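Shown next, in structure tokens, is the structure this report addresses.
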Amino acid sequence: MTQTITLHRPAARPSPDATSKASRWLVQDIEALFHLPFPELLFRAQTVHREHFDSTQVELATLLSVKTGGCPEDCGYCPQSASYDTGVKATKLMALQDVLFAAKQAQAAGATRFCMGAAWRAPKDRDIEQIAELVSAVKGLGLETCATLGMLEDGHAQTLRNAGLDFYNHNLDTSPDFYGDIISTRDYQERLDTLERVRQAGVKVCSGGIVGMGESATQRAGLLAELANLSPYPESVPINNLVRVEGTPLANQAPLDPFDFVRTIAVARIAMPKARVRLSAGRQQMGEAIQALCFLAGANSIFYGDKLLVTGNPDTQADVDLLTRLGMTAGQPHV
Ligand code: SAM
Ligand code: DTB
Ligand code: SF4
């Protein structure tokens with residue numbers, strides 16, 4: 001049986017360089033990709049991946065929570081929100097030498113990118129000054145730098161850029177119409193505003209989302225359409241599979257079908273061909289075969305290190321072994 005799927009979008013595939021309204025992705029077109037037969041979807045994703053990248057190369061990005069817990073936001077998935085009893089203790093901002101120590105360890109283990117996360121709603125001016133010092137020290141080691149600190153005000157992104165920040169991570173998390181079910185303390189537009197400030201300051205955008213939160217397939221497509229229609233789309237796109245943490249409202253959420261997670265990676269690759277698509281949270285729960293399928297679907301980056309921010313991640317040795325068994329190498333994929 002042959003299946004014909006019509007995509008209601010302009011003939012030219014939208015790309016970071018083609019940012020006119022005419023090239024916007026429609027949610028229904030993204031959704032049509034999700035409904036392709038699995039082998040066809042993966043074939044298309046691989047084709048796009050190979051047009052732009054060495055498909056055997058995977059970026060290793062290490063995360064460090066430089067300020068943990070006690071967050072005033074109520075993101076329903078997050079173990080660091082003060083609204084939920086998850087057993088995560090709130091800490092102060094880490095000292096420079098401790099951050100540098102962790103960054104050197106990550107670099108020695110093979111990471112090329114170091115991302116510092118803080119459980120803030122929005123950093124204050126003083127916080128930005130301190131983070132700028134961390135960024136500049138980590139950059140000095142020769143690592144690519146990334147920070148995720150919450151909403152930024154005017155001038156913050158510029159200060160971070162001057163300190164050597166390469167990427168700022170701020171996720172859209174889900175589709176606009178599901179967002180209100182997950183977070184009430186910050187709206188979608190505020191997220192878009194922060195991304196715009198990052199872009200304007202000349203810092204590269206890292207933005208993605210979480211799947212497996214109970215969203216519909218259309219809402220999953222809605223997230224990817226929002227990301228792909230950013231103009232230009234993010235250079236880096238983390239796709240997180242919800243880590244269900246005891247105490248959070250989503251602790252008992254039914255897990256997503258793993259093939260739907262792989263499909264999400266594949267569609268992200270097709271809709272954002274030149275992005276680094278990161279197979280992010282949830283790898284520890286996923287198993288190696290599904291991770292391998294994610295690489296086949298176009299993922300070319302992972303979080304590397306025994307911990308994400310507060311939850312677990314595969315051991316570094318397990319990741320090195322997996323890449324070796326797959327004949328893949330760590331590297332900095334570029335277009
Ligand atoms: N506080 C900042 C913010 O929200 O932008 C930065 C840190 S926050 C933990 C970064 C991202 O981690 C969130 O936007 C979300 O996508 C992801 N995340 C948090 N908890 C998660 C979980 N339990 N499972 C999967 N992803 C999660
Ligand atoms: C992203 O998209 N995922 C990372 C990073 N950006 C900051 C965070 C994942 C957090 C998973 C749950 C935790 O350990 O807190
Ligand atoms: Fe706070 Fe970020 Fe967690 Fe939301 S995701 S509760 S903003 S640390």
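Scope of the values below: all heavy atoms of this structure, side chains included, with no hydrogens, waters or symmetry mates. Every number for a ligand or one of its atoms is a count from 1 in the order of the listing. The structure displayed is predicted, hence computed values, not measured ones. Index from 1, following the sequence.
The shortest side-chain heavy-atom distance between Ile290 and Phe259 falls under the 4.5 Å cut-off. Annotation: side chain of Leu93 is in contact with side chain of Val66 (closest heavy-atom distance under 4.5 Å).
Atoms of ligand 2 lying under 4.0 Å from at least one heavy atom of Pro79, given by number and element, are 15 (O). Listed by atom number, the atoms of ligand 2 under 4.0 Å from Val310 heavy atoms are 13 (C), 14 (O), 15 (O). Close approach to Glu73 involves these atoms of ligand 3, each under 4.0 Å from a residue heavy atom: 1 (Fe), 4 (Fe), 6 (S), 7 (S). For ligand 3, the atoms lying closer than 4.0 Å to a non-hydrogen atom of Arg186 are 7 (S). The distance from ligand 3 to the heavy atoms of Tyr77 drops below 4.0 Å at these ligand atoms: 5 (S). Of all atoms in ligand 1, numbered sequentially from 1 with element shown, those under 4.0 Å from a heavy atom of Gly150 are 2 (C), 5 (O). The Leu309 neighbourhood of ligand 2 comprises atoms 7 (C), 8 (C), 13 (C), 14 (O), 15 (O), with distances under 4.0 Å to a heavy atom of that residue. Annotation for ligand 1: atoms under 4.0 Å from non-hydrogen atoms of Ala118 are 1 (N), 2 (C), 6 (C). Close contacts of ligand 2 with Pro238, meaning ligand atoms under 4.0 Å from a residue heavy atom, involve 2 (O). In summary, the atoms of ligand 3 found under 4.0 Å from a heavy atom of Ala119, numbered by their order in the structure, are 8 (S). Counting the atoms of ligand 2 from 1 in the order shown, those under 4.0 Å from a heavy atom of Thr148 are 7 (C).
The protein heavy atom nearest to atom 5 (C) of ligand 2 is Phe303 CZ, 3.7 Å. Protein heavy atom at the shortest distance from atom 6 (N) of ligand 2 is Asn169 OD1, 3.2 Å. Looking only at protein heavy atoms, the nearest one to atom 3 (N) of ligand 2 is Asn240 OD1, 3.0 Å. Closest protein heavy atom to atom 17 (C) of ligand 1: Ile210 CD1, 4.2 Å. What sits closest to atom 12 (C) of ligand 2 on the protein, heavy atoms only, is Thr311 OG1, 3.5 Å. Of the protein's non-hydrogen atoms, the one nearest atom 4 (O) of ligand 1 is Arg186 NH1, 3.8 Å.
Considering backbone and side-chain N/O of Asn171, one or more are found under 3.5 Å from N/O of ligand 2. By the 3.5 Å distance cut-off applied to N or O atoms, Leu63 is not counted among the residues near ligand 2. The shortest N or O to N or O distance between Cys115 and ligand 2 is not under 3.5 Å. Ligand 1 has no N or O atom lying under 3.5 Å from any N or O atom of Gly209, backbone or side chain. Looking at Tyr77 next to ligand 1, an N or O pair under 3.5 Å apart turns up.
Although no hydrogens or angles enter the test, the distance criterion places a donor-acceptor pair under 3.5 Å between the side chain of Ser207 and the main chain of His170. Checked by atom type and distance alone, the side chain of Thr185 pairs as donor or acceptor with a backbone atom of Asp74 at under 3.5 Å. Put simply, the side chain of Thr148 never gets that close to the backbone of Gly117: no donor and acceptor are under 3.5 Å apart. Within the 3.5 Å criterion, the main-chain N or O of Thr145 finds a donor-acceptor partner in the side chain of Asp166. Side-chain N or O atoms of Tyr188 include one that pairs as donor or acceptor with a backbone N or O of Thr174 at under 3.5 Å.
Residue Cys78: no N/O/S atom is found under 2.8 Å from atom 1 (Fe) of ligand 3. Checking Cys75 against atom 3 (Fe) of ligand 3, every N/O/S atom stays at or beyond the 2.8 Å cut-off.
The only option from Asn169, Val277, Ile302 that meets the side chain to side chain contact (heavy atoms under 4.5 Å, CB included) definition with Pro238 turns out to be Asn169. Between Tyr304 and the choices Val320, Thr112, Asn313, the side chain to side chain contact (heavy atoms under 4.5 Å, CB included) rule is met once, by Val320.
In this structure, Arg263 forms no cation-pi arrangement with Phe38, as its terminal cationic atom is not both closer than 6.0 Å to the ring centre and no more than 45° off the ring axis.
Residue Val243 does not touch ligand 2, judged by heavy-atom distances below 4.0 Å. The proximity of Leu309 to ligand 1, defined as any non-hydrogen pair under 4.0 Å, is limited to the side chain. Only the side chain of Asn171 comes within 4.0 Å of ligand 1, judged by heavy-atom distances. Residue contacts with ligand 1 for His170 involve side-chain atoms from C-beta outward but no N, CA, C or O (heavy atoms, distance under 4.0 Å). Neither the backbone nor the side chain of Ser280 has a heavy atom within less than 4.0 Å of ligand 2. Under 4.0 Å from ligand 1, the heavy atoms of Asp173 that appear belong solely to its side chain. Using a 4.0 Å cut-off between heavy atoms, Asn240 contacts ligand 1 through its side chain alone, with no backbone atom that close.
By the definition of a contact as any protein heavy atom under 4.0 Å away, atom 4 (Fe) of ligand 3 is in contact. Not a single protein heavy atom sits closer than 4.0 Å to atom 8 (S) of ligand 1.
A continuous path of Ile, Leu, Val, Met, Phe, Trp and Tyr side chains, each step under 4.5 Å between heavy atoms, connects Leu227 with Val198, placing both in one hydrophobic cluster. Cluster membership check: Val205 shares its hydrophobic cluster with Leu224, using side-chain heavy-atom separations under 4.5 Å among Ile, Leu, Val, Met, Phe, Trp and Tyr.
The closest approach between any non-hydrogen atom of Gly117 and ligand 1 is not below 4.0 Å. The closest approach between Pro238 and ligand 1 stays at or above 4.0 Å for every heavy atom of the residue. Heavy atoms of Tyr77 stay at 4.0 angstrom or farther from ligand 2.
Within a 6.0 Å radius of CG in Asp85, other residues, nucleotides and ligands contribute 12 heavy atoms or fewer. Around atom CZ of Arg50, no more than 12 heavy atoms belonging to other residues, nucleotides or ligands sit under 6.0 Å away. The 12-atom threshold is exceeded at CD of Gln332, counting heavy atoms of other residues, nucleotides or ligands nearer than 6.0 Å.
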(request) May I have the step-by-step check of side-chain hydrogen bond (donor to acceptor under 3.5 Å, both in side chains) for Asp173 and Tyr77, ending in yes or no? (result) CA-CA 10 Å; Asp173 274 349; Tyr77 47 75; 2.3 Å; yes

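Pairing each heavy atom of Gln80 with each of Ser65, the nearest pair is OE1-OG, 4.1 Å.
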